[in-house]
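By convention in this document, chain letters (A, B, ...) are assigned in the order of the sequence lines, proteins followed by strands, and residues within each chain are numbered from 1.
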Amino acid sequence: MVEERLGERIGLREDVIQRACKLSMKAHDKGKPYLHEKTRGTTDVLLAFPGSWCVDDWYTRDPFGEVKVDVSLFPCIRSVGNEEIGLVNEAFARRFDALLNRSSLATEVEKAMSEGKQIIFTGHSSGGATAVLAAIWCLEKHIRPNHSQTMPLCVTFGSPLAGNHVFSHALRRENWSRCFVHFVMRHDVVPRITLAPLSSIQRWLQAVLESLNPRSQFHLQDSSAASGFLLSVMRNALSVASHAACILKGCTSLLLETVASIVDLSPYRPFGTFIFCPGNGKLVVVENPDAVLQLLFFCLQLSPEEENTEFLCKMMRDHFLYESELQESLHMQDVTYLDSLVNIPLEAHSTSKYSAALNDLGIMAQARLCLRAAGELERQRMENQRRIDSNRDTIKEALKKIHDYKTSCEIRKIGYYDTFKLQKDITDFNANVKRQELSGIWDEIVEMIKRYELPDGFEGGKEWVELGTLFRRLMEPLDIANYYGHLLNEDTGPYMVKARPKRYRFTQKWREHAEGMGAGGSAETTFWAEVEELREKGYDEVKGEVLRLEEELFGWVRDGWVGRDVFLEGSTFAKWWKTLPHEHRSGSCIAAFFKN
Amino acid sequence: MEPETSQFESSEMLATYLASTPLLEDSWRLCSRANADAPQSFLVHCAGKVGYLAFSGVQVVDCTEESCRKLVELEVYANGLFGGFCAAGDGDREPIMMHGGLLQLFMMFLNTQNFLSKIDELLLKGCKSIVCTGHSLGGALASLSALWLLSTMQTNSPSIQVLCITFGSPMLGNESFSQAILQERWCGNFCHVVGQHDIVPRMLFAPATPIMKELVILFHFWQLSMASPCLGQLASQLSYEDIVEVFRLVLTCAEKRCGETKDREGSVFWPFGGYLFCTDNGAVCLDNRVAIVKLLYLTMSKGSAASYIEDHLKYESYVGRVCLHYLRRRSLTDVSFSESSSEAGIAFALRSSGIEFQEAIYGTAKNCLAMARHIGCRRNINNAKMAVLLAKVNPLRAQIEWYKKFCDQSDDQMGYYDAFKHRNTRRGSKVNMNRVKLENFWDDVINQLETNQLTHDFHKLLKYVNAAHTYTLLVEPLDIAEYYRTCMHKSKGHYIEHGRKKRFKIFDKWWRDRKVGDEERNPRSRFASLTQDSCFWARVEEARECVLHLTGERDSGRQSVLLDKIVKFEQYAQGMIARKEVSVDVFAKNSSYSVFKEEWEELKSQLQLLPPRFPVSQESTVQDMCIETENTYVVRFS
């Protein structure tokens, strides 16, 4: 078997990586917002962003200076059902905003995209964070509306972590994760810096950043500053990694939660493909974000003989070595892909290639257990999806029963909403039992999504989005009927405000996300709840809302999202509508529906 | 295959996480300062959002009285001090008990020190969490203070986190105490750091009385050393043999406890909360009390008389080293481990606990960790499972709802409650079966919750709060009907006082404590689908009995007591009806409530003179309420 070269495997050619690295370093010198390079004979466009060595461009405040992402720029960076908005380092986000507003980046990208060019965003150090945000922005702006365009790529070198776990989740869901490639030298401290709260490193940070600036001649004179800084970053990286490992390993102690609620923990997490450089010309490629986080700490662990100032100062130089290191390693092509984490050997002397690569990174048995746990979680998620997928037929069958029930009700000219609400016959009772069964299945799915126990791509999966919509359109009217039939609104308040089950909220958001609709774009299944609330009020009071609902209903019925059974004589809606003033009814857009 | 338990040992990782945070080091620094600078008192320190209360280990426990050396009943000795905490114990167990001397010390503390004002100061400075900490006896004070804060602050300022970190603290209470901490979901608020051979956390395995004299001298020595290390010259009053005797006793008692397989009954001390075992090789953290007892013994078994004493003073080095330890890369060439994640994880954890592979106790220790992990099985999985189980029992509930509808419309006009009470159809017995199945389901929920198998916020998840509430409203009337149908009230007393099951009380509490918005509540337009007081029918039964007794009662004193009860019930029922909080079955022609009204009307017409018992204003509200209902009658007071 011929081994694939790294470039083919990750979809980014070796020569492009090298040029990107070179350009990234050059970007620091020029004082321009970004550098731009095309290569003759290819469609490649390289955009390289400079870093900054000023504390304010790294942390806006203690402890971690994170803010929610600007949803107008990054609408996809959230979880769909949970609606958890991604958190981004505010300082990095500001730099990107300024770049977008004050430079020609937007037009340049626009032009390159329209010409079908392959854009590669790149950056070294904090320039990498800018490159990442620019790449996500480009994906949101150009790829999301038009999947056929050439996907941009992003490659960073020693970039600090810029976003929280939602970034990884969302990028994997959108299938954009593969566009991001991060190179990390084993001992480069920069990718770990944002794991530490500002207060813990503040006293050294300015001096350290100064010494990391390739343009300045400043060297850390004080070796105690270097060791103090490194130790503090390592300690905080340990905190983040061990906390994550506790969860990966299924720790059930409540102490974990109590302590985590008292001590601030960095929100920043890796995303995309990470390529670790042990420094001997080899490369280790990891995609699992949980495993990357563990490696970010464990690669830094020092052996007793390394605990001296000389070594620590050498560590600080790793940040500049990307160009030369990559030149060697991309040539050597000694690459290990850690893609089967559950099978990692624990024994350091094991003869497998995995073990040798891990030894190069200083990953010993206990760290390897953490990597296995990360792999196990991923495996468990796939397993969960398989289990959930096996429910699809049961769901479809139950939905068919409900569909039959609906048809049989329509024959009696009442509609299944009102028939169900009355609960007179055994068929109503049976439909109710089916409703409970289906609720159980869907509640379980929602529960798993809330805890991120399914693969990140789940909420983007076409089949489930469609099944969710089918389920919602058939079943939600029955839930509403049950709610108002039992007068639960009198105890709990309106259905929409207080009682709408998450299984419907989630499935609605799935569709809205998949179709690129705004919030509420697919609210057709809550029609009955709106009717129930409106009919309790006087016409004059809710005139505007009635008009709006009628207009919406017109569209829904036209598009087949809502069935015509709502207009049947015996339905709550028809009965109520007929009590509306004559002038209203005669001018209503839905008047015609009642005639057929 | 669904893994019930994670294959990964996490006790060492948890210890690593705790050690990597600044909490442990900060706490210790303050403890050692409190030891030196604040004997018999405590220090307050504010570090950003975290406020510290550090109790000095130099304290005087009065042990002259017998009651001060052993467990005393918390409810008796500290009446109400810990709010509702005492009541948290349940009927079948021993009451919650604590060490008498330590409890007394804390209570004196609370009375004499300006404790509350110091805490208020911390909160005013913007502290979002309070860490109570202490070394040695100070640790016991820290535990009691944290417990006191948890039981009182939960109502006052629930957003404030409380954490207790003790160093070499003695145990404090019995098993019921430990269990109550678990049930309150507070076991994550206590972290007891234990040095490898420190004798103090293990001391109370042994009875105190026979070694009292030696203990007093030992503590005297420790406290001198805490105040100033140079003072610490072990006084010569204690012969070597005496000390060895003390340790031998503690070791034997600990070994005995370690070997016990069943829960031991009767007043012995049990650990509570989490334990962080520190050694020179690392640390592990556990929260299973059975495993902690075992490990307390297993880790000390290799100690010497000197290390038992010295380790109590070695926390400075333990705390300082444990984090550094995990920052270093270790090749672990001296540990033999298999390629199995589970086995290897345990091997590393045991090595960090100072238990070597070659030792005889290795097997016991290994089983102990495996057992703890198994019991602490993943709550998340259980939660998700619970959702599936709930969905499975929901059809049973739907059938009962269906039955209620049937009864309410049936020709005999008995209504739901009475129809079930006098049931003689197959349908009724089927519903009874459903009732029993639902009972099993919900009892299982409570059992899992109390044994810490579900997530800590389970009882706050609206889904379950609502489901439990609906269950209560729907099914408790059936339980009441069954109770009176089988005449349990004659042997045990009335339902509300004597027959109501724990689960309903718990569900009522969930419902009361749930988060509700403060928006205005519209009055009901129609009668509720389920009577909003699940005990309504039990109250009807009691009122009917009062009417019955009143008929034969000649003693005017007792007469007035009964009358009082009936009128109170009547007011209550009318209020419920006026607010439309009852379901239609109450008005069925042959329902117990209708029968009560008839009987009461008749009795009233017989009783000519009823003395007014209420002020006029109240009387008028009663009348106001009555006017709104169609089944109105007005009590005529002459």
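Between the NZ atom of B:Lys128 and the CD1 atom of A:Ile262 there is a distance of 13.0 Å, given to the nearest 0.5 Å. Distance check, rounded to the nearest 0.5 Å: CG of B:Asn394 to CZ of A:Arg435 gives 8.0 Å. Atom CG of B:Leu390 sits about 12.0 Å away from atom CD of A:Glu444, to the nearest 0.5 Å. Taking OG from B:Ser10 and CG from A:Leu369, the interatomic distance works out to 11.5 Å, rounded to the nearest 0.5 Å. Here CE of B:Met13 is found 6.5 Å from SG of A:Cys246. Values are rounded to the nearest 0.5 Å. Between A:Cys299 atom SG and B:Arg329 atom CZ the span is 9.5 Å, to the nearest 0.5 Å.
If you measure heavy-atom distances from B:Leu18 to chain A, the contacts under 4.5 Å come from the side chain alone. Only the backbone of A:Lys424 comes within contact range of chain B, with at least one heavy atom under 4.5 Å from a heavy atom of that chain. Proximity to chain B (any heavy atom under 4.5 Å) is shown, for A:Ala260, by both the backbone and the side chain. Looking at A:Asp428, neither its backbone nor its side chain comes within 4.5 Å of chain B, counting heavy atoms on both sides. In this structure, chain A has heavy atoms under 4.5 Å from both the backbone and the side chain of B:Ser20. Both the backbone and the side chain of A:Ala373 come within contact range of chain B, judged by heavy atoms closer than 4.5 Å. Of the atoms belonging to B:Lys49, it is side-chain heavy atoms, and not backbone ones, that fall under 4.5 Å from chain A. Residue B:Leu23 touches chain A through its side chain alone, counting heavy-atom pairs closer than 4.5 Å. For chain A, no part of B:Thr470 is nearby; none of its heavy atoms comes within less than 4.5 Å.
A:Met382 meets the side chain to side chain contact (heavy atoms under 4.5 Å, CB included) test with A:Pro455; sequence neighbours excluded.
Shortest non-hydrogen contact noted between B:Ala344 and A:Leu346 is CB-CD1, 3.5 Å. Nearest heavy atom pair, residue B:Ser340 against residue A:Arg372, reads C-NH1, 4.0 Å. The nearest pair of heavy atoms linking B:Ala398 to A:Gln436 is CB-NE2, 3.9 Å. Taking each heavy atom of A:Thr252 and B:Asp287 in turn, the nearest pair found is O-OD2, 4.5 Å. Contact between A:Leu255 and B:Cys191 at its shortest, heavy atoms only, is CD2-CB, 3.9 Å.
Checked by atom type and distance alone, the side chain of B:Glu339 never pairs as donor or acceptor with a backbone atom of A:Pro345 at under 3.5 Å. A distance-only check finds a donor-acceptor pair linking the side chain of A:Gln301 to the backbone of B:Tyr326 [under 3.5 Å].
Within the 4.5 Å cutoff, side-chain heavy atoms of B:Lys463 are placed close to those of A:Asp443. For the pair B:Phe190 and A:Leu254, the minimum side-chain heavy-atom distance is 4.5 Å or more. Side chains of A:Leu265 and B:Tyr17 form a contact here, defined as non-hydrogen atoms less than 4.5 Å apart. Put simply, the side chain of B:Phe8 does not reach to within 4.5 Å of the side chain of A:Leu248, judged on heavy atoms.
No other option in A:His486, A:Glu447, A:His243, A:Arg235 has as many heavy-atom pairs under 4.5 Å with chain B as A:Arg235. The greatest number of non-hydrogen atom pairs below 4.5 Å with chain B, out of A:Gln423, A:Met448, A:Lys434, A:Arg368, is found for A:Gln423. When each of A:Asn236, A:Asp264, A:Val342, A:Leu231 is checked for heavy-atom pairs under 4.5 Å with chain B, A:Asp264 comes out on top.
Screening B:Leu163, B:Thr21, B:Val50 for a side chain to side chain contact (heavy atoms under 4.5 Å, CB included) with A:Val263, the sole residue that qualifies is B:Thr21.
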Throw together a table of side-chain donor-acceptor distances under 3.5 angstrom for residues 399-406 of chain B, partners on residues two or more places apart or in other chains.
unit_1: B:Gln399; atom_1: OE1; unit_2: B:Asn434; atom_2: ND2; d: 2.8
unit_1: B:Lys404; atom_1: NZ; unit_2: B:Asp408; atom_2: OD2; d: 3.0
unit_1: B:Lys404; atom_1: NZ; unit_2: B:Ser529; atom_2: O; d: 3.2
unit_1: B:Lys404; atom_1: NZ; unit_2: B:Ser583; atom_2: OG; d: 2.8
unit_1: B:Lys405; atom_1: NZ; unit_2: A:Leu422; atom_2: O; d: 3.0

